[in-house]
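Sequence positions, counted from 1, serve as the residue numbers for this chain. Every heavy atom of this structure was used, including side-chain atoms; hydrogens, water molecules and symmetry mates were not.
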Amino acid sequence: MGKRKWGESFLKSGLPLEHLTLFNFRSLGYFCSPSIEYQRFDETGQKKWFEIDLMAESASRNKDTSVCFLVECKYHDENRFWFFLPHEAHRWHFDDRFFNCGPYQTLSEPTAKTALMLAPLSYGGIVVSQDGQKQDNSVHTAIQQLANAFVPHTLSYIFDFLIEAKPPSTLAVIPIIVTNAKIFRLRPSITSIETIREATSQSEIADELEWTWCFHDPSREVSDRNSDIIENFKKRKAKMLSRFPVINRRLELWATRPNWIAITNIKSLSAAIKSIDQHFFSLQTCKISIARKENRKVRVK
């Protein structure tokens with residue numbers, strides 16, 4: 001009994017789940033950087049350092065573009081599970097908003113909707129316990145951690161470091177949350193409060209998912225903060241960006257991201273990574289040299 005309590009205590013620290021997540025990515029050939037730090041303003045207006053659990057970057061490229069995951073991990077004991085609502089895509093539901101390519105847009109058909117088919121779509125997300133007690137919403141916490149990290153981190157790494165990296169490269173950046181909790185999504189056919197109230201188990205009203213695309217529409221507060229961060233970045237890097245007008249325009253579309261976050265159970269993590277990875281490598285992309293030719297065209301105009 002004592003050993004089991006010690007093991008559960010260790011699991012609740014979150015470290016074992018982070019370790020297993022990193023192991024899954026590395027076993028699939030990803031370069032992993034744990035404990036990624038970034039700067040942003042907190043709720044009081046003070047600039048502070050924050051952290052996300054992991055960045056994992058594929059060693060393979062689709063022409064000049066690699067897949068990169070920004071990862072946040074959340075552990076729960078076995079008495080809790082995650083519950084989502086079904087989502088009908090109507091906004092930001094094209095491939096560009098799933099794969100977030102930067103600093104160049106290298107998708108040949110960025111408005112295609114192929115990524116929608118990889119997993120069930122959801123939104124919202126709460127933590128529910130088997131005994132019916134209200135739980136802290138760590139789903140929301142994890143989503144906000146990734147949402148707040150996305151723009152500051154990608155600006156410093158992708159839109160600064162990678163612009164003039166040799167050899168040149170672009171990253172398709174996908175936020176992902178990994179949990180050990182079971183993931184359920186309410187069935188679209190459930191339309192009665194009484195049906196939900198009378199359910200004795202989640203399986204009566206919901207389907208268990210291996211992983212899901214969770215839609216996220218950043219709040220106006222986050223979007224405005226992102227816009228300020230981007231404008232400050234453009235001022236600091238004005239000389240460099242003047243040589244890359246296409247990238248400058250790309251930045252204008254960055255403040256309202258991310259819109260889609262992959263959420264997966266740790267047992268399905270490898271399958272989710274493979275599914276996203278294989279799908280991306282099936283898409284048509286262009287080489288960065290083509291994007292640079294577009295830069296020259298813009299300057300001539």
Establish, yes or no, whether a centroid distance under 6.0 Å links the rings of [X] and [Y].
| X | Y | value |
| --- | --- | --- |
| Phe280 | Phe99 | yes |
| Tyr38 | Trp49 | no |
| Phe98 | Trp92 | no |

Closest approach of [X] and [Y], non-hydrogen atoms and distance?
| X | Y | value |
| --- | --- | --- |
| Cys32 | Ala56 | SG-CB, 4.1 Å |
| Leu107 | Cys101 | CG-SG, 3.9 Å |
| Pro258 | Ala147 | CD-CA, 4.0 Å |
| Val178 | Leu17 | O-CD2, 3.7 Å |
| Trp213 | Leu118 | NE1-CB, 3.8 Å |
| Asn100 | Pro175 | ND2-CD, 4.3 Å |

- Message: Parallel, tilted or perpendicular, judged at 30° and 60°: which one describes the rings of His153 and Tyr157?
- Response: parallel

Using a distance-only test with no angle check, is there a side-chain donor-acceptor pair under 3.5 angstrom linking [X] and [Y]?
| X | Y | result |
| --- | --- | --- |
| Thr285 | Asn62 | yes |
| His93 | Trp260 | no |
| His279 | Thr114 | yes |

- Set of ring pair (Phe, Tyr, Trp, His ring centres under 6.0 Å) partners for Phe81, sequence neighbours left out: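 Counting only residues at least two positions away or on another chain, Phe81 forms a ring pair (Phe, Tyr, Trp, His ring centres under 6.0 Å) with Phe184.
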
Partners meeting salt bridge (charged side-chain N to carboxylate O under 4.0 Å, His left out) with [X] (sequence neighbours left out):
| X | answer |
| --- | --- |
| Asp160 | Lys237 |
| Asp224 | none |
| Asp228 | none |
| Glu231 | Lys234 |

- Message: One pair to check against side-chain contact (heavy atoms from CB on, under 4.5 Å): Val139 and Val127. What are the steps and the verdict?
- Response: CA-CA 7 Å; Val139 182; Val127 179; 3.9 Å; yes

- Which pairs pass side-chain hydrogen bond (donor to acceptor under 3.5 Å, both in side chains) with one or both residues in residues 16-28, sequence neighbours excluded?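 For residues 16-28, and leaving out neighbouring residues, the side-chain hydrogen bond (donor to acceptor under 3.5 Å, both in side chains) pairs sorted by first residue read Asn24-Ser270.
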
- Task: If a pair satisfies side-chain hydrogen bond (donor to acceptor under 3.5 Å, both in side chains) and one of its residues is in residues 116-125, list it, with sequence neighbours excluded.
- Result: Ser122-Thr212

From [atom1] ([X]) to [atom2] ([Y]), nearest 0.5 Å:
| X | Y | atom1 | atom2 | result |
| --- | --- | --- | --- | --- |
| Thr264 | Ile261 | OG1 | CD1 | 14.0 Å |
| Lys74 | Glu72 | NZ | CD | 5.0 Å |
| Arg80 | Asn180 | CZ | CG | 9.5 Å |
| Leu70 | Glu57 | CG | CD | 10.5 Å |
| Ile273 | Leu269 | CD1 | CG | 3.5 Å |
| Phe215 | Phe84 | CZ | CZ | 14.5 Å |

With sequence neighbours left out, what residues match [X] under side chain to side chain contact (heavy atoms under 4.5 Å, CB included)?
| X | answer |
| --- | --- |
| Thr195 | Ile190, Ser192, Ile205 |
| Asp277 | Tyr30, Ser58, Val67, Phe281 |
| Ser201 | Ser203, Glu204 |

Would you indicate whether the side-chain heavy atoms of [Y] and [X] approach each other to under 4.5 Å?
| X | Y | answer |
| --- | --- | --- |
| Leu241 | Leu251 | yes |
| Ile266 | Thr179 | no |
| Ser138 | Trp82 | yes |
| Leu171 | Thr65 | no |
| Pro34 | Leu22 | yes |
| Phe94 | Leu116 | no |
| Pro86 | Leu186 | yes |
| Leu162 | Thr170 | no |

Given 3.5 Å as the limit, does a donor-acceptor pair link the side chain of [X] with the main chain of [Y], or not?
| X | Y | result |
| --- | --- | --- |
| Asp53 | Cys73 | yes |
| Thr141 | Asn137 | yes |
| Ser223 | Ser219 | yes |
| Asp64 | Arg61 | no |
| Asn265 | Trp211 | no |

- From CA spacing to verdict: side-chain contact (heavy atoms from CB on, under 4.5 Å), Ile263, Ile183: CA-CA 9 Å; Ile263 300 180; Ile183 298 171; 4.0 Å; yes

- Message: I need the single residue from Trp254, Phe50, Phe69 that forms a ring pair (Phe, Tyr, Trp, His ring centres under 6.0 Å) with Phe150. Which is it?
- Response: Trp254

- Message: Before you tell me yes or no, could you show the steps for Phe244 and Tyr104 under side-chain contact (heavy atoms from CB on, under 4.5 Å), namely the whole-Å CA-CA distance, both residues' side-chain angles and the distance that decides it to 0.1 Å?
- Response: CA-CA 10 Å; Phe244 302 99; Tyr104 292 97; 3.5 Å; yes

- Note on the structure: Residue pairs meeting salt bridge (charged side-chain N to carboxylate O under 4.0 Å, His left out), one or both in residues 85-114, sequence neighbours left out, come to Arg91-Asp217, Asp96-Arg250, Asp96-Arg257

- With sequence neighbours left out, which residue pairs that include part of residues 182-198 fulfil the salt bridge (charged side-chain N to carboxylate O under 4.0 Å, His left out) condition? Arg187-Asp207

- Is it possible for you to say whether Val222 and Leu146 belong to one hydrophobic cluster, with membership spreading through side-chain heavy-atom contacts below 4.5 Å?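 Not linked; separate clusters.
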
